[in-house]
Amino acid sequence: MPEFRNQTISYLTSKFREIGIRPVSKHGQNFLIDMNLLDLLVRSADIQKDDVVLEIGTGTGTLSTRMAAQAGHLVTVEIDPHMATFALEELDEFENVTLLNFDVLRNKNNFRQEMIDTIKEKMAEIQTDHFKLAANLPYNVATPIISNLLRTEITPKSMTVTIQKELAERITAPPNTKDYSALSVWIQSQCRCEIVRILPPRVFWPAPKVHSAILQIDIEPERRAAIPDLEFFHEFNRALFFHRRKFLRSVLLSAFKGKLEKNEVDEVMEQGGLNASSRSENFTVDEILAMSEMFRQRLLQQEG
Ligand SMILES: C[S@@+](CC[C@H](N)C(=O)[O-])C[C@H]1O[C@@H](n2cnc3c(N)ncnc32)[C@H](O)[C@@H]1O
């Protein structure tokens, strides 16, 4: 095992002073200073030599070096040019690292294509179909990152991420709870999710205002493949939770406005035995998958 630099507060403050910068809160620059937890994240990600690992938020490169030592290739993305310069020095000795200095998101719903292309290129180079996300994510963009990664042309095997505790709870929430949302259903419809550890603010520098969590998300390929049209399901599920306090019939009528008549929506509901006065949050993930498929079939019949 190579010797890795520890990321202590004194190391970080002196390095930042040397370069003349401060942590930028709008970029979620909270650095993990408990190396045992950093190692826990790496262990949970179970990184192997045939894995291409994506890290979003290189920061100072502390987590990157540990992952690069185990991975086939590490693609790490950092928005802040100061951080990227800082990390490049750290990562200098690794030939299996590609650092991309840009905003990982082209917009809320899409990644920067150059990042996807780089991952595909590296997977082809080391002849693997194993791709994983492992990162201490910037909290302001954690939701689109996790959600969108299940909508790209390359599906990760797993995502091991440090995120805000509230977000981890929303992703893992069961039906009939206030946290159960379109995001919970989207992720749980194709993944197994587990909170590995809750992290208090003091394990980061600067300390954030909120608690965090290491979340392990394992993609279940059979469940994902069983969803006939992922994009349709994604949109249906979003529409279902858009007015989460409304009754199901009213939610469905507005979701299919202009596509299905009222009586057609009622027919599908009746066929599926759907209770008009239930709410989206009352349905399990499998029930929502089935509901989405019934409406997709109805629209297909209409088009055909
Ligand atoms: C929570 S820090 C993680 C730093 C480091 N990996 C660690 O574990 O200590 C998040 C990092 O993501 C970077 N970042 C924020 N928004 C980003 C974006 N949209 N695209 C790429 N990097 C981003 C920040 O500049 C910051 O360095």
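We count ligands from 1, going down the list as the structure has it; atoms in each ligand are counted the same way.
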Atom 19 (N) of ligand 1 [closest protein heavy-atom partner, distance rounded to 0.1 Å]: D103 OD1, 2.8 Å

Within-4.5 Å side-chain heavy-atom neighbours: F295 and L260: yes

Starting from atom 27 (O) of ligand 1, what is the nearest protein heavy atom, named by residue and atom, and what distance separates them? E78 OE1, 2.7 Å

What atoms of ligand 1 come closer than 4.0 angstrom to any heavy atom of V77? 21 (C), 22 (N)

Ligand 1 atoms nearer than 4.0 angstrom to some heavy atom of T58 are 5 (C), 6 (N)

May I ask you to say whether D286 pairs ionically with R223, meaning some side-chain N is under 4.0 Å from a carboxylate O? yes

Enumerate the atoms of ligand 1 whose separation from the nearest heavy atom of G28 is less than 4.0 angstrom. 1 (C), 2 (S), 10 (C)

salt_bridge(E90, K15) N-O dist < 4.0 Å: no

Number the atoms of ligand 1 from 1 as they appear, then name those within less than 4.0 Å of a heavy atom of Q7, with their elements. 9 (O)

Supply the members, apart from W205, of the Ile/Leu/Val/Met/Phe/Trp/Tyr cluster built from side-chain contacts under 4.5 Å; use none for a lone residue. I9, Y11, L12, F16, I19, I21, F31, I33, M83, F86

Could you tell me whether ligand 1 has any atom less than 4.0 Å away from a heavy atom of T62? no

Test of understanding: given a 4.0 Å heavy-atom threshold, classify the contact between N140 and ligand 1 as side chain, backbone, both, or neither. neither

How far is atom 15 (C) of ligand 1 from its nearest protein heavy atom, and which residue and atom name does that atom have? H27 O, 3.0 Å

Return the closest protein heavy atom for atom 23 (C) of ligand 1 as residue, atom name and distance. I79 CG2, 3.5 Å

Picking from D103, N107, N109, what satisfies side-chain contact (heavy atoms from CB on, under 4.5 Å) with L105? D103

For L32, the atoms of ligand 1 under 4.0 Å from one of its heavy atoms are 9 (O)

the protein heavy atom lying closest to atom 3 (C) of ligand 1 turns out to be N136 O, 3.3 Å

To which protein heavy atom is atom 6 (N) of ligand 1 closest, and what is the distance rounded to 0.1 Å? G57 O, 2.8 Å

Answer yes or no: is there a donor N or O on one side and an acceptor on the other, between the side chain of E78 and the main chain of G59, under 3.5 Å? yes

The closest protein heavy-atom partner of atom 20 (N) of ligand 1 is V104 N, 3.1 Å

Can you see whether D39 engages N36 through a side-chain donor-acceptor pair at a distance of less than 3.5 angstrom? no

Which of the numbered atoms in ligand 1 are below 4.0 angstrom from a heavy atom of F102? 20 (N), 21 (C)

Short side-chain donor-acceptor distance under 3.5 Å, S184 and S181: yes

Between Q271 and E267, is any side-chain donor less than 3.5 angstrom from a side-chain acceptor? no

Take R279 and E281 through the salt bridge (charged side-chain N to carboxylate O under 4.0 Å, His left out) test and state the conclusion after the steps. CA-CA 5 Å; R279 296 188 167 90; E281 65 197 26; 5.7 Å; no

At less than 4.0 angstrom from any non-hydrogen atom of Q29, what atoms of ligand 1 do you find? 24 (C), 25 (O), 26 (C), 27 (O)

Per-atom contacts, ligand 1 versus E55 - under 4.0 Å to a heavy atom: 6 (N)

For residues 156-169, which side-chain donor-acceptor pairs fall under 3.5 Å, sequence neighbours excluded?
from, atom 1, to, atom 2, distance (Å)
T160, OG1, Q216, OE1, 2.8
K165, NZ, E169, OE2, 3.3

